[in-house]
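Below: one structure, written as structure tokens.
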Amino acid sequence: MEQWPIGVFTSVDAGLGVHLDVAQELKIPTVQVHAPHHENRTELAAQDFLNRCEKAGIKVTAVFGGFEGESYADIPTTVKTVGLVPEASRASRVAEMKEISDFARSLQCDTVALHIGFVPEDRDSAEYKSLIEATQDLLDHIKGNGQQLNLETGQETADHLLDFIEDVGRDNLFINFDPANMILYGTGDPIAALKKVSKFVRSVHCKDGVWAAEGKRGQEFGSEVPLGQGDVGMENYLRTLKEIGYTGPLTIEREIAHDRVRQKADIGEAVSLLTELKQKILG
Ligand code: MG
């Protein structure tokens with residue numbers, strides 16, 4: 001595959017991504033997919049989706065897990081509801097994530113991904129240790145499917161994410177780097193963070209955002225904006241990806257599923273911007 005093929009985050013029936021026909025219309029060659037709901041995670045549904053992708057010349061590069069009960073309404077709600085961190089739902093979500101890994105295998109995809117949630121700060125705490133064990137158990141199942149797990153960035157600082165990956169100690173745990181999330185969650189400068197975690201970056205999002213007001217960072221979300229209009233600095237971001245040797249897909253994410261018309265228009269603009277920057281940087 002060419003270096004930095006454009007990609008877009010899509011949904012089968014859940015999540016905030018665009019539908020596959022948008023990728024097809026915009027001639028985007030790769031997609032990440034938000035896993036469908038349980039009842040649609042069948043061999044038949046996988047084959048159907050795969051056939052549609054093959055017909056359109058689209059490759060599925062990652063399958064993202066997401067769960068009932070998750071809410072990104074604000075940062076405190078995200079802490080309480082998202083990923084494998086909340087203990088009450090952890091066992092069922094790990095089981096579900098294993099099922100999503102099996103579904104991804106049916107899509108012939110070697111990468112699953114998720115927001116694991118806000119990893120507890122204290123590395124010696126019981127809650128941190130139990131999260132490590134659950135993650136190891138999940139990774140062993142994923143490994144059995146010949147896959148890796150890429151953690152979405154944003155909810156941890158770069159340093160804490162590195163600690164966590166080291167403490168999990170498995171060779172199939174990597175990172176899906178989302179520069180906008182570092183800004184939206186107020187967890188650090190995205191370019192500095194990218195350099196820090198570079199050796200684990202196996203997939204990326206191209207998304208943009210502006211910081212929350214000074215003094216509110218980390219307590220209130222910043223705002224997601226169309227690519228190129230926020231504080232990430234897209235040219236610098238792509239130049240840094242080149243510098244760290246990342247050659248994989250540039251997957252556009254625009255999380256405004258409530259406005260499909262604007263979402264599609266913004267993604268079209270993002271494709272133009274990335275195509276232009278690729279030309280400029282790669283020659
Ligand atoms: Mg993202």
Side-chain angles (χ1 to χ4, degrees), residues 4-12 14-18 22-23 28 30-35 60-67 70-73 75 78-79 81-85 97 100 104 109 111-119 148-158 161 173-191 193-194 197 200-212 221-234 237-238 240-241 246 248-258 263 266-267 270-271 273-274:
W4 289 353
I6 307 277
V8 67
F9 205 113
T10 57
S11 302
V12 181
L16 301 176
V18 296
V22 174
I28 295 174
T30 74
V31 292
Q32 291 186 349
V33 184
H34 197 285
V60 179
T61 60
V63 178
F64 262 75
F67 310 104
E70 290 187 321
S71 167
Y72 294 87
I75 290 183
T78 307
V79 173
T81 64
V82 167
L84 305 183
V85 173
M97 203 56 211
I100 289 168
C109 183
T111 302
V112 289
L114 88 159
H115 272 287
I116 200 157
F118 283 74
V119 174
Q148 63 188 19
L149 174 68
N150 293 0
L151 297 179
E152 174 82 339
T153 56
Q155 294 164 346
E156 292 74 36
T157 61
L161 196 55
L173 183 58
F174 296 99
I175 288 171
N176 180 86
F177 192 84
D178 185 325
N181 281 354
M182 304 303 296
I183 291 173
L184 301 180
Y185 288 91
T187 38
D189 173 72
I191 304 299
L194 176 58
V197 302
F200 292 106
V201 174
R202 290 294 179 92
S203 55
V204 304
H205 285 161
C206 290
K207 189 172 91 185
D208 216 339
V210 293
W211 296 95
F221 277 128
S223 313
E224 194 207 335
V225 297
L227 203 71
Q229 296 179 25
D231 293 329
V232 170
M234 274 304 134
Y237 177 52
L238 263 58
T240 309
L241 287 174
Y246 178 81
L250 301 177
T251 304
I252 299 161
E253 190 178 27
R254 185 72 176 113
E255 300 184 295
I256 48 168
H258 57 278
Q263 185 182 43
D266 286 353
I267 287 167
V271 171
L273 175 65
L274 291 176

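All ligand and atom numbering here is 1-based and tracks the order in the structure. Quick caveat, the model's predicted, so the values are computed rather than measured.
Gln155 pairs in a side-chain contact (heavy atoms from CB on, under 4.5 Å) with only one of the listed residues (Ile75, Leu161, Thr78), which is Thr78.
For His115, the ring-ring contact (aromatic ring centres under 6.0 Å, His included) partners two or more places apart in sequence, or in a different chain, are Tyr72. For Phe118, the ring-ring contact (aromatic ring centres under 6.0 Å, His included) partners two or more places apart in sequence, or in a different chain, are Tyr185. Partners of Tyr237 by ring-ring contact (aromatic ring centres under 6.0 Å, His included), not counting sequence neighbours: none found.
Thr153 and Asn181 are not linked by any side-chain donor-acceptor pair at a separation below 3.5 angstrom, with hydrogens and angles left out of the test.
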Inset, instruction - Would you check, one step at a time, whether the test side-chain contact (heavy atoms from CB on, under 4.5 Å) holds for Leu194 with Tyr246? - result: CA-CA 11 Å; Leu194 176 58; Tyr246 178 81; over 6 Å; no

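Protein N/O/S atoms closer to the Mg ion (ligand 1) than 2.8 Å number 4 in this structure.
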